[in-house]
Amino acid sequence: MNAVLTPKDFATSQEVRWCPGCGDYAILKAVQKALADVGATPESTAFISGIGCASRFPYYVNSYGFHTIHGRAPALATGLKLANPDLDVWVVTGDGDGLSIGGNHLLHALRRNVDINILLFNNEIYGLTKGQYSPTSRVGTRSPSSPAGSLDTPVSPGQFVLGAGGHFFARAIDTDKAGMSHVLEAVHAHTGTAFVEIFQNCIVYNENVFADFTDRRNAANTQLHLRHGEPMLFGDGKGIRFNPTTYSLDVVDADDDVLVHDETNAVIARLLIDLKMPVALGILFRQPVAGYSARFYAEHPTRFERTKSVADYLAGPNPWVVE
Amino acid sequence: MNAVLTPKDFATSQEVRWCPGCGDYAILKAVQKALADVGATPESTAFISGIGCASRFPYYVNSYGFHTIHGRAPALATGLKLANPDLDVWVVTGDGDGLSIGGNHLLHALRRNVDINILLFNNEIYGLTKGQYSPTSRVGTRSPSSPAGSLDTPVSPGQFVLGAGGHFFARAIDTDKAGMSHVLEAVHAHTGTAFVEIFQNCIVYNENVFADFTDRRNAANTQLHLRHGEPMLFGDGKGIRFNPTTYSLDVVDADDDVLVHDETNAVIARLLIDLKMPVALGILFRQPVAGYSARFYAEHPTRFERTKSVADYLAGPNPWVVE
Amino acid sequence: MSKNKEIESVVVRFAGDSGDGIQLMGSQFAVSTALAGRDFATFPDYPAEIRAPTGTLFGVSAYQINLGEGPITTAGDAPDVLVAFNPAALKVSLPLLHPGSLIILNNDGFTARNLAKAGYDTDPRDDDSLANFQVVSADIGRLNLEAVKAYGLSKSEGDQCKNFWTLGLLLWMFNRKLEPVESVLAHKLRNKPVLRDADIAALRAGHAYGETAELSASVRRYHLHSPDWPPGTYRSITGAEALALGVAAAGELADRKVLYASYPITPASPLLHHLARLGELGVATFQAEDEIAAVCAAIGAAYGGMIGVTGSSGPGIALKTEAIGLAVSAELPLVIVNWQRGGPSTGLPTKTEQSDLYQAVYGRNGDTPLPVVAAATTGDCFDMAIEATRIALRHMTPVILLADGYLSNAADPWRLPEFDRYAKITSRDLPDADDGRPAQVHAFDRDPATWGRPWITPGMPGLMHRIGGLEKDIATGHISYDPANHQAMTELRAAKVESVADYIPPQTIELGPDSGDILVLGWGSTYGPIYQAALRTGVSFTQLRYINPLPKNLASLLARFGTVLVPEMNNGQLVTVLRDRLGVDPVSMTKVSGQPFLIRELVERIQALKSEAAA
Amino acid sequence: MSKNKEIESVVVRFAGDSGDGIQLMGSQFAVSTALAGRDFATFPDYPAEIRAPTGTLFGVSAYQINLGEGPITTAGDAPDVLVAFNPAALKVSLPLLHPGSLIILNNDGFTARNLAKAGYDTDPRDDDSLANFQVVSADIGRLNLEAVKAYGLSKSEGDQCKNFWTLGLLLWMFNRKLEPVESVLAHKLRNKPVLRDADIAALRAGHAYGETAELSASVRRYHLHSPDWPPGTYRSITGAEALALGVAAAGELADRKVLYASYPITPASPLLHHLARLGELGVATFQAEDEIAAVCAAIGAAYGGMIGVTGSSGPGIALKTEAIGLAVSAELPLVIVNWQRGGPSTGLPTKTEQSDLYQAVYGRNGDTPLPVVAAATTGDCFDMAIEATRIALRHMTPVILLADGYLSNAADPWRLPEFDRYAKITSRDLPDADDGRPAQVHAFDRDPATWGRPWITPGMPGLMHRIGGLEKDIATGHISYDPANHQAMTELRAAKVESVADYIPPQTIELGPDSGDILVLGWGSTYGPIYQAALRTGVSFTQLRYINPLPKNLASLLARFGTVLVPEMNNGQLVTVLRDRLGVDPVSMTKVSGQPFLIRELVERIQALKSEAAA
Ligand SMILES: Cc1ncc(C[n+]2csc(CCOP(=O)(O)OP(=O)(O)O)c2C)c(N)n1
Ligand SMILES: Cc1ncc(C[n+]2csc(CCOP(=O)(O)OP(=O)(O)O)c2C)c(N)n1
Ligand code: SF4
Ligand code: SF4
Ligand SMILES: [Mg+2]
Ligand SMILES: [Mg+2]
């Protein structure tokens, strides 16, 4: 823990290779700032990524970094975390890397609750391969591989995470500095798998796909910033209420009894995930429980310390001696 | 449609190779009966499986059958269904085949809503490989690969299915004839992906793991059989009620206002999935919407009929002629 | 002017930032060249980044085209004309040029910032570093903006037109009409009229700039003869386009629908993109969640009676190998296209290589042989797609078709084939369901000549049967653990692949005498440079299209030469196959730089062998 | 009695239903044999089904053991004594026997139903189908139930004891003490006292049955000499047990913890099961969601400084190949164990084969070479696990260790190695973080002798760097698309694997003269039968443990023989490697039946070669 580090200390000499104007730049800045703010150190931090524009991330952070193969970062990060539970292990992935080819590893990292921080840059497109639709692309997305519009119903990252048994789901917008740092600090503090969906603007292949709620000019009415224990208010005098007859969330006037955000409530979290307008941001769901890599050692009698030598084991149960 | 077929018409000459007393036998009988009951025909039915004891299933059904590779049945079935949307395509998988190695394909079959029927035989163990714990095994399961008890939090098939955007989730007990046929007929009638979790008893490696609620002697108090539009009653005079302050389901006396099962309600469905005692059985969630393979053709201008010849395409936009 | 004596041709290279529209300009120049009836070959060479930061060396995007009388089979070793939009583009391209070449520079790109980014301390236009070249530097940026200012575009929008301004200048140099390009533009941008008009204005301005004598003094204009091509209709085509049409053609020849199931990956994605537009030809595409799902969906489609095709590049093919083994075991037809790229691992995604041959021939668990074929040219991608499908259906086996990143992107003129002359594609006749034999036996009643089994598909009455990846009885098709049966099935699978050799054409000599001192044996996309090198050195040349099994006459053909040289864009993988299968030991020439062979490199090596032979 | 002249040994085969406890009985007999100080080799041969339906032919589970004076290196070709619990067991085993062998039958298994299931029209005990054999049929079922009735077990529970009744009888035949087996039982069943006492009662009853003269007339008892083994402590060990200890030993020798990440698959699972119990030796195990996750977790662990090991069989290894390529590119140490089984695809999961050699040596995309080693015997699994790890750490590369289903399950006596004599396992020294060079350069500062880079792991101050699967600059380790650099890196990766040859032992002759007419060259688990065949035919024999790279002296060694015979349990895969690497063309002998070679088969082939040589 080294409080004097600044965001600059987490920058590398490498030239950043994203398209000019890509949302990834803002995310990079926010992460570097958060690392400094939480007092992380480069040597005890590792960024593991798959393949994609998002996955270029590790090259630009002064820490240990591994740009692995497509979709496998959570599995590799699990092994790294088991090898060295003291590391801060961050996984950076994209909507294709994480939810298309990598879905199975995300599922199992989440249900095991491995102590890693997963940042999914969701731009609803395959950027690096030049713009095909992705598993989060909306129905009807026209792309080189879906010239007539895509058929597939997109997967909801939030519903997927909770369905997989995840204990932490948060959301932030690439360029929203405050929202990003609020979420990233919570991620760093969380035990177990923390998962963040970051709405990231791909200006080349999917420009402004999130503009309806990310546009600053109308943010107050389109964004619901959640804070645990605080009422769900947004816009001028609007709020969210649970409707027990329809089992859904209604937008109501602030004075009607508005829901107070309880981030441990999975029922409400799932309704918030599906809320179309306003879009729920911040920590939608959080239930800290002991993580897998911690338990892996804690629950093992010798914590895998070498307390005996192979020499003691060679003979087995029934040896015999020949003179 | 051929109403005169009997369960026997769906049996093959192949010697069934499961362990004596395995729950799979009962499931096989129930499926053969259901096929006859719904008027399926062997030639227009295909069973696709992965690898595992459960996945031996296709050899024993007189229909088209493909025993593929571990975890990949949903992907292969998707291709088959696209090739011939008129087929009844059934996927038979296990908790390991489907939720361990095959999790990603299940996820995407479900979110695409491919018109296939997925039967997951959940015995909470890897049977064919001699009894290692599986992704549905409870924490602390002792097995050859977890002699001190497994650490991993199990995945909940139901939560996974809904989290993946599935539109149909049902449950049945291998030996419960009535429950099985009720569910299987609904599965056959459903458009889109129908997913059934079948509690299957592996007498060799995980005997009686479900006994606490499958035991007939106490079934009335341990099983909640759901019927759309009917109140959630079980045992003698007990029922289920939604508690809007805790957002959970309470067991109450039948006379207190008991929930009426609405199979289209995802909020309640998720609470029912987590209900420990009684265990919710039958169709927990159903929302019929047009399936992927149907839309694949319906939404394509030529339905992929060959309306032109390659000869018409050879020249491209800018041909030139050499005399 | 090209230094090469035999051929009247010119090599032009466009280079700039990824954002400068280099690839578009290049391909438009190729279209114009095609419509002018000149032979040509192109080589798009772009960075892995989508839009690498402007002005950087690694961000340079280039498009090279070799045009003239022909036969032209490569994009050329050394540019005669270089168009460089900024210092980085100049710096990266300079080593390729030979003295005397013409360099056209965009002055407005030579800002202090860009010079610094390219690592130039002094402006190369001012020092003598360009002394050996003929340099024309124009204020392309400024002139272009003037040309388009009428259209009220933003500065950056207007700037986007400068590739057309430059194209106009080039078209003037090559005495080209503007109409064809203009009509292409008019169609492409029909929904963006303002941009269309601006681009056309820029194009005309660039052309006028040349015309109005300001250049004609310094720059010579090229009067290229048109090649004496066999009569026919021609088009410009990339390997990806040709392979897409070939897949559709295979479907038509087999009278079956096609499912192309794939997961995007460089450089395989263009095939998916092209096929996604061929629905009218009975081709459906499915973008799967990963490569494993893609190959499995293709197998499922094949099981259902469609022609199942999947495609990827090395890393994706690696993921497919388990499922490919299933298709071998289940005896189902399947075509797997591998657009090879630089390896290992993620390697060099946008660079070309031939290093997946081991994977194709040997890369599976178990004794799991399958046929492997390779496309030699962009046009050949059409025919080899048909051939691969023909083999898959005839023998009921997966077939791997090897192509590569070069073929995927490069464009060449292509004489349209007489499609009506292509033979239909068939598989073993279906059995009579009522002949009393069990369906399981029907399903595995193989043709002893091809070992292909009847392609019985779900939905057919009376023929219900079960298949899978466990070993099965050679006669009944039921699961069998019998040792002798496993031996027999292993031999059957080997015999099936060997039987393909009975149906493929014998290996023929492409160039040169059919016996002698030196034969150059290539495979895949090295056809172009080897052809030229052989032409210039007078040695014999043959290109392998069928790699497993090898053509039956290959051994005797090789035996007629003193030395066999095998150039490959890998570390010697075909040589392994030849040693293994034929017991020969050819001379290996390898290049693993992510770049195609230069004609020069091959000529030098062949000359060296010649002198050895002479000595 | 064994027909073989050289060796005083007896082959016993137990056969019955999967539910009869055959494997347990066999392994207990092996333990007793071991404790009696006799040499032996075993071969468990069980069906793919967990508990196949009783009485069926495919459901027969068998356990064969060859015991005696030794050297015994196989479970024997033909049983001298067969114990058959039912008609199916008899029918399946009969073809293996030679005339005069002793057959012990359980009358109670010969019900009409079982006879029918086995396809016997008449009871073989009544017709003359067993005429050539010495048959002892006892009411084992009934006698056993009497013996255990005191313990109030259910009929089916009581029946479960009959394998111990039979074991008792066998122990009597071989003059064995009961105590050792009883104490094993006492320990195994300490929590099930009733069952324990019942089993022991059955054991004693079977022994008494032999004793009480009812048999001694008809059955000869075996007095086997004990082998003259080198002094030392011995144990019975399977390949899976030995490999597990080897992995733990490698960790201890490298002074690092080990993570074994795997996904269950036959026949690899036993390694996972054994390692899961070695936590005290610094070994952790991780059961991943699939093989891809397993290899990636192992790579992650290696990246983190643990010894990363993963294991599977062919289909699972296929799924791992993409990630293995990443480890090659990232230059990380990794050990991949492949327990080969019958292929292709799911193939014959419980049968043994060597058909994944192509996959190991050539089965990756890109030019992606890696070292491949193979274990020859059960005990050798211990040493080769250490060797594989040693190579992985020294050269910073993934290493594939080939074993197979036979080795995984078979048990042999093993002389405990002097572990304190084993050399420590090391990797390149770590750099000084403060020597001014950038960490990225430190990370790729390779040892020119081994091309191993320093194993810098996250957590080390001042050495932060980035790695990945894209091609990297040979000096700085940064991403590089430079053509010349890719060429250099490709050559470096090849040179690294070649450099392994500088550290491995030269190939030596196991048996026979070190030059002559015939050399038999084997690899992997064929050691046992080849050893015997060579012994009996007097030809020379050598077994390859290092397959890629090959030992430097192999070429010259092979050159000293007129003919080299290469027997393999595949379709000739090592022969391909030898042709490729050495340009030699040995005689290939293949067997792909899922069964190990019989000594007889090898002897016949060698004799044939000899007469050819003589002729
Ligand atoms: C095994 C494999 N399959 C496919 C690819 C090609 N590929 C690279 S990145 C990518 C998808 C990128 O999309 P996403 O994860 O959303 O990242 P983005 O580029 O949008 O940030 C694909 C398909 C690959 N590199 N490896
Ligand atoms: C690629 C691959 N990995 C692993 C295996 C080994 N394997 C076969 S079945 C199985 C798991 C079976 O468990 P489950 O799906 O629950 O089926 P069950 O046997 O319990 O019915 C495994 C790990 C395999 N056959 N192929
Ligand atoms: S393609 Fe899109 S996601 Fe990728 S770098 Fe460019 S803008 Fe960013
Ligand atoms: S192992 Fe279990 S699941 Fe498999 S067949 Fe036997 S009882 Fe059924
Ligand atoms: Mg994306
Ligand atoms: Mg299971």
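Only heavy atoms go into these numbers, but all of them, side chains included; no hydrogens, no water, no symmetry mates. Letters go in sequence order (proteins before strands), and every chain restarts at 1.
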(request) Indicate whether the side chain of D:N571 and that of C:E491 have a donor and an acceptor atom separated by less than 3.5 Å. (result)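 No pair is found: no donor N or O on one side chain lies under 3.5 Å from an acceptor on the other.
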Kindly indicate whether the side chain of [X], heavy atoms from C-beta on, has any atom under 4.5 Å from the side chain of [Y].
X	Y	value
D:T350	C:Y481	no
C:P344	D:R364	no
D:H486	C:E353	yes

Portion of [X] that has a non-hydrogen atom of chain C nearer than 4.5 angstrom:
X	answer
D:K591	both
D:I317	neither
D:I292	side chain
D:S480	backbone
D:R341	neither
D:Q573	side chain
D:P47	neither
D:A360	neither

(request) Pick one of side chain, backbone, both or neither for C:P369, based on which atoms fall under 4.5 Å of a heavy atom in chain D. (result)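 Neither the backbone nor the side chain of C:P369 comes within 4.5 Å of chain D.
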(message) Taking C:G366's backbone N and O only, do any of them form a donor-acceptor pair with D:D356's side chain (distance below 3.5 Å, no angle check)?
(response)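 The answer is yes, because a donor-acceptor pair under 3.5 Å joins these two groups.
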(message) Donor-acceptor pair, distance only, cut-off 3.5 Å: does the side chain of C:Q487 make one with the backbone of D:V592?
(response)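 Yes.
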(request) Drop me the distance from D:S345's OG to C:E471's CD, to the nearest 0.5 angstrom. (result)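 Spacing of OG (D:S345) from CD (C:E471) equals 10.0 Å.
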(message) Can you tell me how far apart OG (C:S593) and CG (D:D482) are? Round to the nearest 0.5 Å.
(response)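 One gets 9.0 Å once the value is rounded to the nearest 0.5 Å.
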(message) Among D:D367, D:T490, D:T368, exactly one meets side chain to side chain contact (heavy atoms under 4.5 Å, CB included) together with C:S355. Which residue is that?
(response)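 For C:S355, the side chain to side chain contact (heavy atoms under 4.5 Å, CB included) check succeeds only for D:D367.
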(message) Working note: D:D580 + C:D580, criterion side chain to side chain contact (heavy atoms under 4.5 Å, CB included); need CA distance, chi angles, decisive distance, verdict.
(response) CA-CA 6 Å; D:D580 177 21; C:D580 177 20; 5.7 Å; no
